[in-house]
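Reading through the structure tokens given below for one structure.
None of these values were measured; they are calculated from a predicted model. The figures here come from the full heavy-atom set of this structure, side chains too, leaving out hydrogens, waters and symmetry mates.
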Amino acid sequence: MEVPLGSLARGRCSSHGRYRQLLNHHIRTLTAPPADPATRTHWSIQLPRTPEWQKYQQEVSSFLSELGFDTRVDETIEGARAQHDVDVAARMRIAGVDILWVVECKAWGRRVPKERILTLQGIVDDIGADRGLVFSESGFQAGAIRVTQNTNITLTGLEDFRLNFQDEIASTKARILDERISRLLQAFTTVWDIEESERQAAFARYSGPSGFDVLKGGPHAVVGVTSCLSQMRRSLEDARFGRWPVAYFPLDLVDGEIFGVRDWEGLLFIVEKSVVTCERIYDHMVTPEASPVDWKTLQPPELISLLSSIRGR
């Protein structure tokens, strides 16, 4: 079938014209003036702001986490009498003992009064926490500071706690050692409660510092080790109250000898190693099959080395 060339030419021209009409329409649409501003819909997206108290709480929690604590914010803890909601619960294992610190965070523009401190003291006592801390960057009233003296409540700020953190940890370690010494003293005392023949056999196995030569070999010879343990408790107490240098008397005391310990690190080391020695002395004494031993060999090598180096100076 033949199609006249004129028809094809007219068809192309018609299609081309329609294309240009559509293109011009879209150009007019794209370049049209914007709508009247009065008819526009305006959207404003504003995220909710975190309250200052909550930001401070998170900051304290993060800070304690950096120091090695396992922290939880807004934790409810069961006490002996009631449940308590605490801002931050901080846990750490120190010297083999699980420690719990209860933390209150006060993002206030004024000083914290003593009533808040007394409330925290009640919570700490009811929970059985090892320590209570109140963080505030605005300080504390005089009454609040006064009621925390000789207690396990610490009033501090972030920077202040950063500077004194090691002292806080050392004080906690000292308390753990003190409890360990207390239990050991009680153990030596309870030897008197066992059946007489077993008691006499136990005292006969005792090998430790005698304290007084006239007591050597008798049932009261253990006063040598118990008096040393009591002296260790006094040294730890002096350190907690900042009475440096702290006097320390070694188990193998030489007449007229006294050590002056000037920091927590040295005191905790020498007391802990001495307690280990006393625990070994007790275990040897109450073990029926134990062979005679020179108690000085029960001392940890680190303690023997330290005392030798000090005495050799």
Side-chain angles (χ1 to χ4, degrees), residues 61 63-72 75 77-80 86 88-103 124-133 151-154 161 164-191 208 222 225-226 228-241 246 248-251 261 263-287 290 293 295-307:
S61 176
F63 171 66
L64 292 174
S65 295
E66 292 173 4
L67 296 177
F69 286 91
D70 175 22
T71 62
R72 295 183 183 180
E75 181 173 354
I77 302 179
E78 188 74 38
V86 300
V88 180
R91 295 175 173 85
M92 179 185 283
R93 192 168 181 81
I94 300 177
V97 178
D98 291 325
I99 300 301
L100 169 62
W101 287 0
V102 172
V103 183
V124 168
D125 293 342
D126 190 46
I127 292 174
D130 299 277
R131 182 167 289 277
L133 293 93
T151 70
N152 59 343
I153 302 296
T154 297
F161 190 76
N164 296 291
F165 170 68
Q166 293 304 325
D167 284 344
E168 289 288 343
I169 293 298
S171 181
T172 300
K173 289 180 178 179
R175 185 190 59 76
I176 294 171
L177 272 175
D178 184 78
E179 293 175 354
R180 190 168 158 189
I181 292 170
S182 179
R183 290 193 298 269
L184 189 53
L185 283 168
Q186 183 62 32
F188 274 107
T189 300
T190 55
V191 173
V222 294
V225 70
T226 56
C228 287
L229 287 167
S230 297
Q231 188 277 324
M232 292 179 208
R233 298 188 75 181
R234 176 60 184 271
S235 297
L236 292 172
E237 180 183 4
D238 286 345
R240 282 197 295 270
F241 285 100
V246 171
Y248 179 79
F249 302 92
L251 294 171
V261 187
D263 57 50
W264 273 117
E265 183 179 7
L267 180 65
L268 292 173
F269 176 85
I270 199 168
V271 169
E272 199 274 333
K273 298 304 179 184
S274 298
V275 171
V276 168
T277 304
C278 295
E279 290 171 337
R280 292 173 178 176
I281 290 172
Y282 173 79
D283 290 340
H284 179 270
M285 185 180 76
V286 298
T287 303
V293 66
W295 74 267
K296 293 182 181 179
T297 63
L298 300 177
Q299 298 180 101
E302 305 94 326
L303 179 59
I304 296 174
S305 176
L306 175 64
L307 294 176

With a 3.5 Å distance limit and no angle check, can you tell me whether Ser274 reaches the backbone of Ile270 through a side-chain donor-acceptor pair?
yes
Within the side chain of Asp130, is there an N or O that forms a donor-acceptor pair under 3.5 Å with the backbone of Trp101?
no
Sub-4.5 Å side-chain heavy-atom contact between [X] and [Y]:
X	Y	result
Val191	Tyr282	yes
Lys173	Leu236	no
Met285	Phe188	yes
Phe69	Val88	no

Partner set under salt bridge (charged side-chain N to carboxylate O under 4.0 Å, His left out) for [X], not counting sequence neighbours:
X	answer
Arg180	Glu272, Glu279
Asp167	none
Arg183	none
Glu179	Arg175

Under the ring pair (Phe, Tyr, Trp, His ring centres under 6.0 Å) test, which residues partner Phe165, sequence neighbours left out?
Phe161
With sequence neighbours left out, write down each residue that passes ring pair (Phe, Tyr, Trp, His ring centres under 6.0 Å) with Phe249, or none if nothing qualifies.
none
For a side-chain contact (heavy atoms from CB on, under 4.5 Å) check, start with the C-alpha distance between Val225 and Trp295, then their side-chain angles and the critical distance, and finish with the verdict.
CA-CA 11 Å; Val225 70; Trp295 74 267; over 6 Å; no
Side chain to side chain donor-acceptor pair (under 3.5 Å) partners of Gln186, counting only residues at least two apart
none
Before you tell me yes or no, could you show the steps for Ile281 and Val222 under side-chain contact (heavy atoms from CB on, under 4.5 Å), namely the whole-Å CA-CA distance, both residues' side-chain angles and the distance that decides it to 0.1 Å?
CA-CA 10 Å; Ile281 290 172; Val222 294; over 6 Å; no
Counterpart residues, side-chain contact (heavy atoms from CB on, under 4.5 Å), relative to [X] (two or more places apart):
X	result
Val261	Tyr248, Leu267
Ile304	Gln299, Ser308
Arg234	Glu237, Asp238
Thr287	Glu289, Ala290

Hey, what do you get for [atom1] ([X]) to [atom2] ([Y]), rounding to the nearest 0.5 Å?
X	Y	atom1	atom2	answer
Cys228	Arg233	SG	CZ	14.5 Å
Asp178	Leu229	CG	CG	11.0 Å
Thr189	Leu184	OG1	CG	9.5 Å
Asp126	Ile77	CG	CD1	10.5 Å
Ile181	Gln231	CD1	CD	9.0 Å
Arg91	Thr71	CZ	OG1	10.0 Å

Can you list the steps and then say if Met232 with Leu251 is a side-chain contact (heavy atoms from CB on, under 4.5 Å)?
CA-CA 10 Å; Met232 292 179 208; Leu251 294 171; 4.0 Å; yes
On a heavy-atom basis, which atom in Glu75 and which in Ala89 lie closest, and how many Å separate them?
OE1-CB, 3.2 Å
Would you list the pairs meeting salt bridge (charged side-chain N to carboxylate O under 4.0 Å, His left out) in which at least one residue belongs to residues 296-306, sequence neighbours left out?
Lys273-Glu302
Checking side chain to side chain contact (heavy atoms under 4.5 Å, CB included) between Met92 and each of Leu64, Asp98, Thr172, Ile169, which is the one that passes?
Ile169
